[in-house]
Amino acid sequence: ATTATTTTSSSSSPPSSSPGAFVTALDVRGNRLGDAGAATLAAAAMRMPRLSQLDARDNPDVGADGFIALLALAAQHPSITSLRLPTPTRAQFARRHTRQAIDIFRAMAKQPSLRELNFRFDWLQSEQGGLVALADALSSGSRLTSLDLGETRIEATAAAALARALSSPGCRLQSLGLSKSYLPLPSVVQIGKAVANCTTLKHVILDHNSVGIQGSKALIEAARVGGSLLSVSLVNAGVGAKWKSQLEKQLMENLRRAAR
């Protein structure tokens, strides 16, 4: 099913002949769109000037071409704030798709409205340059506040770029998802230390990564020094009770300060 949310026109607003003129949100989950349907949806979205939210997850028939058509909205749509996309398989992606995705990530830095980007990056596993381009966008003007990189194999080069982005004054992230990212332990520590410099970041998900003692210490210190971190999810992350307790204690202190 498809759900559309609209706003009503005030009496002073000029009439519009476009049926999508007042659509502000579209939920097309579970519609088996396919590539042609995704491309048609993307084209229709560009004719919806007030569209702020698009959720196209759970459309397993959308391949690489359809995915790229929807992802382009992240750089091209003037008012979209939240973009949640389907997940093509890695096998569907050719090099041209990856290059197109990287170009879109770079253009996102100039997109004034986008706040949330959610999709699986497994197709970028062999193209870490795509993650580097996305990290560079975070530090060079992107207004993203929520980014989910779950189920993405993030290697050392991409992790270092992400850490630099988190340390940048231009990074506006408030929520970062890194579940099942297969992060090397040194990269967990590197990202943990960078979190201390990101004064906007409040929520981090590191489930199913090898965080261990060194990663836990880095996160505890980041929560203490930065003061903005409010929650860290560490399900099956190799964190002992002692270190989890210390982190939770510091996060509770941050919550108390935030509530004042």
Side-chain angles (χ1 to χ4, degrees), residues 115-122 124-125 128 131-132 134-260:
R115 298 292 185 273
E116 178 184 18
L117 187 59
N118 181 300
F119 59 92
R120 302 277 72 79
F121 282 73
D122 60 323
L124 274 177
Q125 286 182 9
Q128 293 291 305
L131 293 177
V132 172
L134 180 57
D136 288 345
L138 293 175
S139 58
S140 59
S142 170
R143 297 179 185 272
L144 273 182
T145 58
S146 177
L147 179 64
D148 187 348
L149 297 176
E151 299 180 27
T152 304
R153 186 177 294 277
I154 301 178
E155 297 177 355
T157 300
L162 181 58
R164 287 195 301 272
L166 291 172
S167 297
S168 167
C171 184
R172 295 176 171 87
L173 280 186
Q174 296 178 17
S175 175
L176 176 63
L178 296 171
S179 177
K180 294 184 181 179
S181 293
Y182 306 96
L183 286 163
L185 180 56
S187 295
V188 174
V189 175
Q190 189 177 25
I191 289 172
K193 290 179 177 178
V195 166
N197 298 315
C198 187
T199 57
T200 60
L201 193 64
K202 295 178 174 61
H203 311 288
V204 176
I205 301 172
L206 284 165
D207 299 342
H208 307 288
N209 284 288
S210 297
V211 174
I213 294 174
Q214 294 305 314
S216 300
K217 288 181 177 179
L219 289 167
I220 292 167
E221 184 67 5
R224 185 187 70 80
V225 174
S228 63
L229 200 58
L230 303 180
S231 70
V232 180
S233 183
L234 294 169
V235 174
N236 192 27
V239 177
K242 171 185 174 181
W243 302 107
K244 187 173 288 188
S245 175
Q246 289 187 26
L247 178 58
E248 289 173 349
K249 180 179 179 181
Q250 184 59 56
L251 293 173
M252 286 299 297
E253 176 60 28
N254 290 357
L255 282 166
R256 284 192 289 269
R257 283 201 299 265
R260 291 172 188 167

| Between H208 and S179, does any side-chain donor sit less than 3.5 Å from a side-chain acceptor? | no
Which heavy atom in [X] sits nearest to a heavy atom in [Y], and how many Å separate them?
X	Y	value
Q246	I220	CB-CD1, 3.7 Å
C198	L166	CB-O, 3.2 Å
P184	I154	CD-O, 3.6 Å
H203	S231	ND1-OG, 2.7 Å
S228	N254	N-ND2, 4.4 Å
C171	T200	O-OG1, 3.7 Å

Quick one: [atom1] on [X] to [atom2] on [Y], what's the gap to the nearest 0.5 Å?
X	Y	atom1	atom2	answer
L176	S146	CG	OG	9.0 Å
L173	L201	CG	CG	6.5 Å
L117	D148	CG	CG	9.0 Å

Got a donor-acceptor contact below 3.5 angstrom from the [X] side chain to the [Y] backbone?
X	Y	result
N209	L178	yes
S168	R164	no
S181	L183	no

| said: For the CD1 atom on I213, are there more than 12 heavy atoms of other groups (residues, nucleotides or ligands in this structure) within a distance under 6.0 Å? | reply: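 No, because the 6.0 Å sphere around CD1 of I213 holds 12 heavy atoms or fewer from other groups.
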| request: Mark yes when over 12 heavy atoms from residues, nucleotides or ligands other than K202 sit less than 6.0 Å from its NZ; otherwise mark no. | output: yes
| L234 and L219: CA distance, side-chain angles, deciding distance, side-chain contact (heavy atoms from CB on, under 4.5 Å) verdict | CA-CA 11 Å; L234 294 169; L219 289 167; 4.2 Å; yes
| field | Short N-O contact, R257 and E253, less than 4.0 angstrom | value |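 Salt bridge: yes.
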